[in-house]
Amino acid sequence: MSKPEQPNVLKQPLPRLVARQPRGFVDRSSPDIAATDRMLAAIRETYELYGFEAVETPFVEFTDALGKFLPDQDRPNEGVFSFQDDDEQWLSLRYDLTAPLARYVAENFDTLPKPYRSYRSGWVFRNEKPGPGRFRQFMQFDADTVGAASVAADAEICMMAADTLERVGIARGDYVIKVNNRKVLDGVLETIGLAGEEKAHTRLVVLRAIDKLDRLGPDGVRALLGEGRRDESGDYTKGAGLPADLVDHVLALTGAKGQTAQATLANLARVVGASARGAEGVAELEEIASLVAAAGYADGRVEIDPAVVRGLEYYTGPVYEAELTFEVKDDEGRPVRFGSVAGGGRYDGLVARFRGEPVPATGFSIGVSRLLAALKLVKSPIVTDAAARGPVVVLVMDRDQVAHYQAMVARLRAAGIRAEMYLGSSGMKAQMKYADRRGSPCVVIQGSNERAAGEVQIKDLIEGAAQAAAKAGSIADSAEYRAQRLAQFSVGEDLLVEAVREVLARHGG
RNA sequence: GCAGCUGUAGCUCAGUUGGUUAGAGCGCCUGAUUGUGGAUCAGGAGGUCCCCCGUUCGAGCCGGGGCAGCUGUACCA
């Protein structure tokens with residue numbers, strides 16, 4: 001083996017690397033990780049309370065198991081990160097947690113209890129253009145019931161979604177779980193003559209138009225159902241090309257929401273007309289509504305909303321969406337539309353792809369990053385309490401006493417107090433700054449004077465900051481400023497642990 | 001993907017009709033008694049003016065082409 005070439009850094013430095021991330025991928029900092037962990041724990045508790053059990057599947061699946069081959073090509077779909085294994089089989093990073101669950105259930109079908117109720121969280125990957133709050137790697141938290149055909153399973157998941165949002169700190173009234181049924185949408189499309197294979201494209205365009213109701217309003221949807229729509233940048237979107245009377249019929253569906261669930265259901269029954277499939281959908285919604293009402297969740301927490309569409313790929317029955325309804329402003333004072341933080345529905349065909357028989361299933365998925373962003377905006381305690389305090393910092397005043405400082409740190413740690421000795425090479429002022437930036441509750445100072453007296457100084461940084469803020473502007477020169485030594489006291493070195501404990505206790509921990 | 005807008009210091013941004021060595025505020029570092037974060041003052045470090053090509057005696061500025069970001073739109077399992 002020959003010696004590897006060593007780059008000669010002295011003579012000819014290599015071109016400097018640019019430190020950067022691929023777009024759509026982000027680093028996570030300590031507070032974010034802490035807040036996310038707390039939020040995930042709260043979600044997990046709620047799911048466990050409902051009787052769901054944990055399961056985990058890997059990041060990588062066979063591409064065909066995810067259902068992501070283009071119909072006519074031997075090549076994975078765009079939007080999915082894919083690569084070929086050494087045996088040339090296509091593999092993909094999972095783009096959601098539902099398709100892998102379907103694979104898992106199919107593979108372990110005979111040993112799993114049915115209905116099989118499980119939850120899992122994890123990273124998923126989508127190879128597409130990122131946007132604000134939209135990344136190429138993000139986390140989802142799903143719960144699914146597989147093997148239950150009853151819409152009671154759907155109703156339960158809606159109620160659990162409501163409980164989950166409240167558990168993580170979204171107040172009742174600040175969210176709504178909207179429920180619809182794909183069969184109702186199919187029924188309406190049938191009554192306006194959009195049944196059959198040759199109308200599939202138009203159906204798609206119509207469903208997409210309906211899905212945009214909350215963003216574009218009825219007029220925007222009307223334009224998209226008819227000729228088309230020009231947006232504010234001047235870009236044009238071709239419409240479905242429906243005649244005016246059919247456009248009205250579709251808008252009658254999206255506007256079918258009444259004051260009560262009964263009124264909404266009556267409107268829907270009218271709009272689906274003679275369609276058997278539509279009537280089936282309305283009946284399912286009716287059953288969900290009565291289950292939700294019986295459990296006491298019909299107080300605005302769970303509502304029928306005929307404009308909910310969700311994804312177009314695999315939903316077959318009830319669909320649901322958790323929407324946040326409160327108004328917020330961003331950093332520049334612009335109103336932010338928060339919208340959907342979770343969604344799901346019934347996908348009776350997904351497991352069936354792996355088995356001869358149909359397997360009913362329903363589930364939903366929380367967008368973890370979006371929900372966390374929402375919790376920050378409403379200042380949920382889950383997020384705000386997660387701002388972890390830093391360690392106690394023992395300053396290094398005399399280099400030749402490092403062993404002694406380290407011994408003090410060891411005593412603090414032995415007492416269960418997070419502590420560290422300053423490991424840099426800067427002076428005291430920089431060490432104070434360091435402790436400040438770490439969020440330390442206090443620092444321990446021992447110079448030659450204190451050591452001679454067998455004492456240590458303890459400075460309470462939190463109290464010190466408060467006192468300094470109170471005096472801001474009233475201090476004339478730097479000598480006076482330095483002489484203040486705010487919130488600082490001396491104590492015998494043997495009482496170090498007790499004194500630090502006292503400071504920590506002052507600040508609740 | 002399509003459309004519009006924007007790329008100058010770590011961040012937010014100035015930069016004249018094209019003209020020496022490209023600036024400010026904040027942040028960062030150092031210092032102001034031996035030993036004090038958050039106040040004040042003084043100093044310092046930090047730049048491929050997004051990249052390439054062109055026009056010009058001369059380009060941060062003008063032209064062309066890329067790339068990236070933002071906003072909208074499309075897609076969203």
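Since we're looking at a predicted model, the values are computed, not measured. Letters A, B, ... are given to chains in the order of the sequence lines, protein chains preceding strands, and every chain is numbered from 1.
For the pair A:Tyr434 and B:G37, the ring geometry does not qualify as stacking, because the centroid separation below 5.5 Å and plane angle under 30° are not jointly satisfied.
Among the protein residues, A:Lys212 comes within range of the sugar-phosphate backbone only, with heavy atoms under 4.0 Å from sugar or phosphate atoms but none that close to a base. Contact annotation for A:Glu450: base contact, defined as any heavy-atom pair under 4.0 Å involving a base atom. Residue A:Gly79 is in base contact, counting any heavy-atom pair closer than 4.0 Å across all strands shown. As judged by a 4.0 angstrom heavy-atom cut-off over every strand, A:Gln431 is placed among residues making no nucleic acid contact. A:Leu395 comes within 4.0 angstrom of no nucleic acid atom, judged by non-hydrogen atoms across all strands.
When rounded to the nearest whole Å, the span between CZ of A:Arg451 and C1' of B:U34 equals 14 Å. Put simply, CD on A:Glu128 is 16 Å from P on B:U73, counting in whole angstrom units. In this entry the distance linking CE of A:Met428 with P of B:G35 reads 9 Å, nearest Å. Atom-to-atom, CG of A:Asp211 to P of B:C76 comes out at 8 Å; the value is rounded to the nearest Å. Rounded to whole Å, the distance from OH on A:Tyr422 to C1' on B:U36 is 14 Å. Remark: P of B:G35 and CZ of A:Phe489 are 22 Å apart, rounded to the nearest angstrom. Computed from coordinates, the A:Leu486 CG to B:G37 P distance equals 11 Å when rounded to whole Å. What separates CE of A:Met432 from P of B:U30 is a distance of 14 Å, to the nearest Å.
Remark: the A:Arg208 side chain and the B:A74 base include no donor-acceptor N/O pair separated by less than 3.5 Å.
For B:C28, the paired base is B:G44 (Watson-Crick or G-U wobble, both distances below 3.5 Å). As the counterpart of B:U34, no nucleotide is assigned, since no Watson-Crick or G-U wobble pattern has both distances under 3.5 Å. B:U71: Watson-Crick or G-U partner is B:A3, with both key distances under 3.5 Å. Nucleotide B:C57 has B:G19 as its partner under the Watson-Crick or G-U criteria, with both atom distances under 3.5 Å.
Minimum atom distance to the side chain of A:Gln488 is reached by B:U36, of the listed B:G35, B:A77, B:U36. Of the listed nucleotides (B:A74, B:G35, B:C76), B:A74 has the atom at the smallest distance from the side chain of A:Thr237.
For the P atom pair drawn from B:G64 and B:G47, the interatomic distance equals 31 Å after rounding to whole Å. Between B:U8 and B:U36, the two C1' atoms lie 39 Å apart (nearest whole Å). A distance of about 35 Å separates the P atoms of B:G19 and B:C28, rounded to the whole Å. The C1' atoms of B:U21 and B:U17 are separated by 22 Å, rounded to the nearest whole Å. Using atom P as the reference point in both B:G25 and B:G44, the two lie 13 Å apart (nearest Å). Between B:G18 and B:G63, the distance separating the two C1' atoms is 13 Å to the nearest Å. Between B:C13 and B:U56, the distance separating the two P atoms is 36 Å to the nearest Å. Distance check on atom C1': B:G46 versus B:A22 gives 14 Å, rounded to whole Å.
Between the side chain of A:Arg506 and the main chain of A:Asp460, no donor-acceptor pair closer than 3.5 Å is present. Distance alone, capped at 3.5 Å, is enough to place a donor-acceptor pair between the A:Asp348 side chain and the A:Ala361 backbone. Judged by distance alone, with hydrogens and angles left aside, the side-chain atoms of A:Thr362 form a donor-acceptor pair with the main-chain N or O of A:Gly345 at under 3.5 Å. In this structure a side-chain-to-backbone donor-acceptor pair under 3.5 Å is present from A:Arg94 to A:Trp123. Between the side chain of A:Glu450 and the backbone N or O of A:Gly447, at least one donor-acceptor pair lies under 3.5 Å.
For A:Tyr347, the ring-ring contact (aromatic ring centres under 6.0 Å, His included) partners are A:Tyr314, not counting sequence neighbours. Partners of A:Phe141 under the ring-ring contact (aromatic ring centres under 6.0 Å, His included) rule, at least two apart in sequence or in another chain, are A:Tyr47, A:Tyr119.
Of the side-chain N and O atoms in A:Arg215, one or more sit less than 4.0 angstrom from OP1 or OP2 of B:U73. Phosphate proximity of B:U71 to A:Arg134: absent, as no side-chain N or O sits under 4.0 Å from OP1 or OP2. Proximity of A:Lys429 to the phosphate of B:G37: a side-chain N or O atom is located under 4.0 Å from OP1 or OP2.
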#### Entry: Audit row: A:Lys376, A:Asp32, salt bridge (charged side-chain N to carboxylate O under 4.0 Å, His left out) steps and yes/no
CA-CA 10 Å; A:Lys376 284 181 184 165; A:Asp32 263 1; 2.9 Å; yes

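If A:Lys129 and A:Gly447 are placed on RNA chain B by their nearest nucleotide, the residue sitting closer to the 5' end is A:Gly447. Heavy-atom distances to RNA chain B give each of A:Glu463 and A:Gln457 a nearest nucleotide, and the one nearer the 5′ end belongs to A:Gln457.
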Enumerate the protein-to-nucleotides 26-29 of chain B contacts in which both atoms are nitrogen or oxygen and the separation is below 3.5 Å.
{"residue": "B:C28", "atom": "OP1", "partner": "A:Arg437", "partner atom": "NH2", "Å": "3.3"}
{"residue": "B:C29", "atom": "OP2", "partner": "A:Lys433", "partner atom": "NZ", "Å": "3.1"}

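Heavy atoms from other residues, nucleotides or ligands lying under 6.0 Å from CD of A:Gln406 number more than 12.
A:Phe125 has its ring centre less than 6.0 Å from the ring centre of A:Phe59.
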